[in-house]
Amino acid sequence: MKFFILLFVSFFVNIATAFANPACVVCTVAIGASLEIARKLGISDNIVGLWAGALLALLGYWLILWFDKKNWHFKGRNFILMFLSVAMIGFMYMSELVYSPQIIVFLYIDQFLLSSLCGAFLYIFSQKFYTFMKEHNNGHAHFPFEKVVLPLVLLFGASFVLDFYSL
């Protein structure tokens with residue numbers, strides 16, 4: 001019985017440390033798994049693409065941090081790594097989606113691809129906006145987990161818009 005109590009306590013201690021990191025591995029895996037569940041539940045591919053693009057942008061940020069840790073620097077590194085990360089959208093759903101480009105405003109692009117690019121842009125924008133807001137608040141967040149709330153609010157808002165005004 002003591003073993004189970006110790007296991008239970010250590011589990012919650014580890015979760016508490018994971019919640020302190022706004023881009024923890026558990027959260028990222030949960031988002032990735034929920035994308036496939038959302039597709040099975042019949043959620044529009046545009047909304048799934050939006051969240052998948054944001055997930056890939058998050059993985060791009062992780063890749064940049066890993067390159068920093070390895071002290072690998074070269075010209076245009078951040079752009080190249082983020083581009084490669086977001087470009088992986090084609091491999092995520094290659095066997096499940098048919099590439100069918102359409103004219104959307106002035107672009108000849110697939111709806112899923114456009115929504116995933118918009119999701120990546122929203123995530124990158126939210127991180128830049130968070131940094132801007134933090135600099136103007138003496139280096140402190142306005143409220144706890146602001147770095148998590150900002151992209152979620154933007155992505156939920158974009159999902160709401162895409163739900164009513166499909167591409």
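- Within the model, atoms NZ of Lys147 and CZ of Phe129 stand 15.0 Å from one another, a figure rounded to the nearest 0.5 Å.
- Residues Val161 and Val153 are members of separate hydrophobic clusters, defined by side-chain heavy-atom contacts under 4.5 angstrom among Ile, Leu, Val, Met, Phe, Trp and Tyr.
- The hydrophobic cluster containing Ile124 also contains Trp66, counting ILVMFWY residues as joined when their side-chain heavy atoms lie under 4.5 angstrom apart, directly or transitively.
- The aromatic ring centres of Trp51 and Phe156 sit less than 6.0 Å apart.
- Minimum interatomic distance between Met88 and Leu56 (heavy atoms only, all atoms of both residues): C-CD1, 4.0 Å.
- Between the side chain of Asp110 and the main chain of Tyr99, no donor-acceptor pair closer than 3.5 Å is present.
- Residues Lys134 and His140 form no side-chain contact, since every pair of their non-hydrogen atoms from C-beta on lies 4.5 Å or further apart.
- In this structure, CG in Leu50 is found 12.0 Å from CG in Leu55, a value given to the nearest 0.5 Å.
- Every residue meeting the side chain to side chain donor-acceptor pair (under 3.5 Å) condition with Asn71, not counting sequence neighbours, appears here in chain and number order: His73.
- Counting heavy atoms from C-beta outward, Leu122 and Pro151 have side chains that stay 4.5 Å or more apart.
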Working for side-chain contact (heavy atoms from CB on, under 4.5 Å), residues Leu114 and Asn46: CA-CA 8 Å; Leu114 180 63; Asn46 294 336; over 6 Å; no
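- Every pair tested for side-chain hydrogen bond (donor to acceptor under 3.5 Å, both in side chains) that includes a residue from residues 80-90 fails, sequence neighbours excluded, so the list is empty.
- Counting heavy atoms from C-beta outward, Gln111 and Asp45 have side chains that stay 4.5 Å or more apart.
- Closest heavy-atom contact between Tyr123 and Leu58: OH-CD1, 3.1 Å.
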Check against side-chain contact (heavy atoms from CB on, under 4.5 Å), Ile80 and Phe74: CA-CA 10 Å; Ile80 291 169; Phe74 51 88; 4.1 Å; yes
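- Under a hydrophobic-cluster definition in which Ile, Leu, Val, Met, Phe, Trp and Tyr are linked whenever side-chain heavy atoms come within less than 4.5 Å, directly or via other members, Leu162 and Ile104 are assigned to the same cluster.
- In this structure, Val86 and Ala120 approach most closely via the heavy-atom pair CG2-CB, 3.8 Å.
- Listed by first then second residue, pairs satisfying salt bridge (charged side-chain N to carboxylate O under 4.0 Å, His left out) with a partner in residues 64-81 read Asp68-Arg77, not counting sequence neighbours.
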Evaluation steps, side-chain contact (heavy atoms from CB on, under 4.5 Å), between Ser115 and Ile47: CA-CA 7 Å; Ser115 62; Ile47 296 172; over 6 Å; no
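- The local environment of CD1 in Ile103 is sparse, with at most 12 non-hydrogen atoms from other residues, nucleotides or ligands closer than 6.0 Å.
- Shortest non-hydrogen contact noted between Met133 and His142 is O-CE1, 3.5 Å.
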Criterion side-chain contact (heavy atoms from CB on, under 4.5 Å) on Tyr61 and Gln127, from CA distance to verdict: CA-CA 10 Å; Tyr61 273 119; Gln127 296 305 306; 3.9 Å; yes
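- Applying the 6.0 Å contact sphere to CZ of Phe121 captures no more than 12 heavy atoms from other residues, nucleotides or ligands.
- For Asn78 against Ile64, the heavy-atom pair with the smallest separation is OD1-CG2, 3.5 Å.
- How far CG of Leu81 is from CG of Leu59: 12.5 Å, rounded to the nearest 0.5 Å.
- Considering CZ of Phe125 and SG of Cys118, their distance stands at 13.5 Å, rounded to 0.5 Å.
- Trp72 and Leu63 fall within a single hydrophobic cluster, where Ile, Leu, Val, Met, Phe, Trp and Tyr are joined by side-chain heavy atoms under 4.5 Å apart, directly or via other members.
- Grouping the Ile, Leu, Val, Met, Phe, Trp and Tyr side chains by contacts below 4.5 angstrom, directly or via other members, places Leu155 apart from Val149.
- Of all heavy-atom pairs between Leu113 and Ile89, the closest is CD1-CG2, 3.9 Å.
- Relative orientation of the Phe160 and Phe164 rings is perpendicular, given thresholds of 30° and 60° on the angle between their planes.
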